[in-house]
S.K.: 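Dropping a structure here in C-alpha cells format, bear with me for questions.
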Amino acid sequence: MKSVVAVMTLLGALALAPLDARADGTCTPGPKAPPIAGTPAVAPAPAPATAPPASDESPVARARDLLARARLLDEAATADDRSAAEITARLPALRATAKAARARADRAAGDDREALVSRAEDLEADVAVSEAETTSKRRSAVDNRRVARELRARAVRLVREAPADRPIAASPCDPPYRFAADGRKLYRVECL
C-alpha cells in the first residue's frame, strides 16, 4: 500500500513539473509559464557549469546508480511479497464469511433478504478483489526482481567492459571556489 502511495505522489509531482526528455537520458525543465502581470521580472539563475554531462559520467558511477536502482526494486518486490502474504492469510476467513453470508441470504425471506443478499455480494466481491490483488502483487514482485537482476548484470558488464586507459576526470569541485574578475574568491554552492 505504501508503494502505491509513493507512486501516486511521484506521478503527481511529475505532472506538476513538465520536463523535456532527450534520447541520451537527460531531462530539462519544460517551457516556463508567462509572468503574471504586475509582478517584477526576475532573471533566471544561470545553470551551474560544473555539473558533468551524463556522457562524461564514469562507468563506475553509472554502475553504482544501476545497483542503487536494483536495490530499490528488490525492496519494492519484498514489500509486494509481504502484502500478498498478508492478503493470502486473510483470504480463508474472508471466503468462509462470504460463504456463510450467502447461505444466510439464500435462507432469508422478506425484508431482510435484500440486505443479506447485498452483504453477501459485498463479501464475495471483496474476495474476488483480494485474490486479484494478490496475483497482481506477486506478478509485480516477480517483474521487479527480474528487472533488478538485469540492472545488476548491466552494472557488471559496464564495469568489466570499461576501458582501463581512460583518464580519471578531475572533480568539478576541486577547488570548491573560483576567482571573480575583480579578484574575489567565490565559493561554488554545489560543492559545499
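Basis for what follows: all heavy atoms, side chains included, without hydrogens, waters or symmetry-related copies. The first residue in the sequence is number 1, and the count goes up from there.
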S.K.: Going from OG1 on Thr135 to CZ on Arg139, what distance comes out if it is rounded to the nearest 0.5 angstrom?
M.R.: 6.5 Å
S.K.: Please round to the nearest 0.5 Å and tell me the distance separating atom CZ of Arg104 and atom NZ of Lys99.
M.R.: 13.5 Å
S.K.: What distance do Asp80 atom CG and Ser140 atom OG have between them, rounded to the nearest 0.5 Å?
M.R.: 4.0 Å
S.K.: Hey, what do you get for CG (Asn144) to CD (Glu75), rounding to the nearest 0.5 Å?
M.R.: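 If I round to the nearest 0.5 Å, the distance is 11.0 Å.
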S.K.: Using side-chain heavy atoms (C-beta onward) and a distance below 4.5 Å, is Lys137 in contact with Thr88?
M.R.: no
S.K.: Looking at Glu114, I want to see if its CD is surrounded by more than 12 non-hydrogen atoms of other residues, nucleotides or ligands under 6.0 Å.
M.R.: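 For Glu114, atom CD is not crowded (no more than 12 foreign heavy atoms under 6.0 Å).
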S.K.: Between Arg119 and Thr97, do the side chains contain an N or O donor and an N or O acceptor separated by less than 3.5 Å?
M.R.: no
S.K.: Measuring from atom CG of Leu151 to atom CG of Leu73, what distance do you get when rounded to the nearest 0.5 angstrom?
M.R.: 6.0 Å
S.K.: Mind checking whether Asp126 and Arg90 have side chains closer than 4.5 Å, heavy atoms only?
M.R.: no
S.K.: Quick test of your reading of the model: are Arg95 and Glu131 salt-bridged, counting only N-O distances below 4.0 Å?
M.R.: yes
S.K.: Measure across Ala120 and Ala105 and return the closest heavy-atom pair with its distance rounded to 0.1 Å.
M.R.: CB-CB, 4.4 Å
S.K.: I would like to know whether Val117 and Arg102 meet side chain to side chain contact (heavy atoms under 4.5 Å, CB included); could you show each step before the answer?
M.R.: CA-CA 7 Å; Val117 167; Arg102 177 54 68 184; 4.3 Å; yes
S.K.: Are Arg138 and Asp143 within salt-bridge range, i.e. N to O under 4.0 Å?
M.R.: no
S.K.: Identify which one of Arg152, Arg154, Arg146 satisfies the salt bridge (Lys or Arg N to Asp or Glu O under 4.0 Å) criterion when paired with Glu150.
M.R.: Arg146
